[in-house]
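A short worksheet on the structure shown next.
Chain naming here is simple, since letters A, B, ... match the order of the sequence lines and numbering starts at 1 in each. Quick caveat, the model's predicted, so the values are computed rather than measured.
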Amino acid sequence: MLPDAASSDADLIFAVLERDDRRAFEEIVRRHQSQVRTVLRRLTKGDNALADDLAQETFVLAWRNLNRFRFEARFSTWLYRIAFNAWQSDARKRREVLLDSDEDMPAFEVADTQPPVDAASRIDLERAIATLSDGERAAIAACYYADMSHEEAAEMLGLPLGTVKTHILRAKAKLKARLSHADAKATKGRES
Amino acid sequence: MSERNDDWLDRQLREDARRVLDDAGFTNGVISALPPSLAPYAGLKTWLILGSTALGGLLAALFAPIGPLVIEGVTQLVNFRGMTPSFTAMLAMTVVLAVSGYVLATDD
């Protein structure tokens with residue numbers, strides 16, 4: 001039987017485990033690719049190529065380890081854990097090479113052309129998230145983009161619950177400040 | 001300038017998280033990066049491990065210093081001499097080998 005959109009994640013997982021069904025896994029990837037890639041794009045400060053490489057690594061690892069999924073958590077949460085681990089190990093490797101990189105340097109150049117308003121606010125948000133520290137960015141990605149509770153995020157990131165809450169508070173304060181600043185700049189630009 | 005409060009920021013973050021990214025060949029890329037299927041060899045693997053365990057056990061019984069004791073145990077078993085020390089050692093070794101082989105063969 002071919003997998004379809006009506007099949008649950010559990011049905012698809014069983015099909016992969018019992019029959020090595022690649023079409024079922026294809027449906028799983030199709031279903032979750034957007035969220036996993038979005039989380040990784042935010043974690044990698046908008047480096048889309050790196051995010052997609054890590055997303056591919058995430059799904060290949062999920063395929064190899066699918067028999068270890070215990071159905072105790074949501075499948076998406078399990079996938080996000082793999083994605084965060086992939087990002088963390090990649091970040092560790094890169095830091096060994098880029099020891100003198102400037103942590104606070106914005107990852108984006110300011111675009112010359114003015115994007116539409118919705119796209120502009122999204123890009124402002126992406127840029128603002130990119131300026132957060134690794135811990136703050138990871139906490140925001142886990143709690144807002146991976147839809148985890150603070151407790152789940154703390155467990156996944158290996159941080160105390162209080163630290164995750166602090167990261168979220170600080171990140172939100174920084175985001176509000178940066179977005180207000182971006183908004184003020186845009187208003188000034190429109191007036192002149 | 002619009003007010004940047006917590007609700008506004010929460011809404012922006014959640015909307016951004018819900019945005020759907022076009023697949024753009026990503027799924028096909030993942031599927032082609034998957035390792036080749038090992039399903040046809042799964043049964044073969046079990047028999048290879050169990051066979052190697054049995055062969056290893058036989059070679060150990062023939063050539064290891066404890067070998068004569070094991071062979072004596074088998075002889076005593078054949079002659080219905082009951083739970084002698086040699087027989088107990090042979091039985092223990094067989095059970096350990098069989099369990100190890102089974103665990104290895106069924107471990108993914």
**Message:** So if I apply the salt bridge (charged side-chain N to carboxylate O under 4.0 Å, His left out) rule between A:Arg37 and each of A:Asp52, A:Asp53, A:Asp47, which one comes out positive?
**Reply:**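 Considering A:Asp52, A:Asp53, A:Asp47, a salt bridge (charged side-chain N to carboxylate O under 4.0 Å, His left out) with A:Arg37 is found only for A:Asp52.
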**Prompt:** Can you name the salt bridge (charged side-chain N to carboxylate O under 4.0 Å, His left out) partners of B:Arg19, sequence neighbours left out?
**Reply:**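 Salt bridge (charged side-chain N to carboxylate O under 4.0 Å, His left out) check on B:Arg19 returns A:Glu126, B:Asp16.
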**With A:Asp11 via salt bridge (charged side-chain N to carboxylate O under 4.0 Å, His left out) - residues at least two apart** =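 A:Asp11: no salt bridge (charged side-chain N to carboxylate O under 4.0 Å, His left out) contacts found.
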**Inter-chain contacts: residues 140-153 of chain A against chain B, heavy atoms under 4.5 Å** =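 Result: A:Ile140, A:Cys143, A:Tyr144, A:Tyr145, A:Asp147.
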To the nearest 0.5 Å, what is the distance between [atom1] ([X]) and [atom2] ([Y])?
X: A:Gln33; Y: A:Thr58; atom1: CD; atom2: OG1; value: 12.5 Å
X: A:Leu125; Y: B:Leu9; atom1: CG; atom2: CG; value: 7.0 Å
X: A:Thr131; Y: A:Glu136; atom1: OG1; atom2: CD; value: 8.5 Å

**Part of A:Ala173 lying under 4.5 Å from any heavy atom of chain B** =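 Answer is neither: A:Ala173 stays 4.5 Å or more from chain B.
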**Item:** Heavy-atom contact with chain B under 4.5 Å, split by part of A:Ile28
**Value:**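 Neither the backbone nor the side chain of A:Ile28 comes within 4.5 Å of chain B.
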**Request:** Among the options A:Arg41, A:Glu26, A:Glu57, A:Gln35, pick out the one with the most heavy-atom pairs lying under 4.5 Å from chain B.
**Result:**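 Sorted descending by pairs with chain B, the first entry is A:Glu26.
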**Pick from B:Leu13, B:Val30, B:Ile31 with the largest number of heavy-atom pairs that fall under 4.5 Å of chain A** =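 Between B:Leu13, B:Val30, B:Ile31, the count favours B:Leu13.
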**Request:** Name the member of B:Asp22, B:Leu34, B:Val20 that forms the most heavy-atom pairs with chain A at distances under 4.5 Å.
**Result:**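 Between B:Asp22, B:Leu34, B:Val20, the count favours B:Leu34.
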**Request:** Taking ring pair (Phe, Tyr, Trp, His ring centres under 6.0 Å) as the test, write out the residues that go with A:Phe69, two or more places apart.
**Result:**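 Result, ring pair (Phe, Tyr, Trp, His ring centres under 6.0 Å) vs A:Phe69: A:Phe71, A:Phe75, A:Trp78.
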**Message:** Counting only heavy atoms not in A:Arg30 (residues, nucleotides, ligands), do more than 12 fall under 6.0 Å from its CZ?
**Reply:**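 Yes, because the 6.0 Å sphere around CZ of A:Arg30 holds more than 12 heavy atoms from other groups.
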**Prompt:** Would the number of heavy atoms belonging to other residues, nucleotides or ligands and lying under 6.0 Å from CZ of A:Arg74 be above 12?
**Reply:**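 Above 12, so yes.
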**Prompt:** Can you say whether B:Asn28 sits under 4.5 Å from chain A via the side chain, the backbone, both, or neither, judging by heavy atoms?
**Reply:**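 Side chain only.
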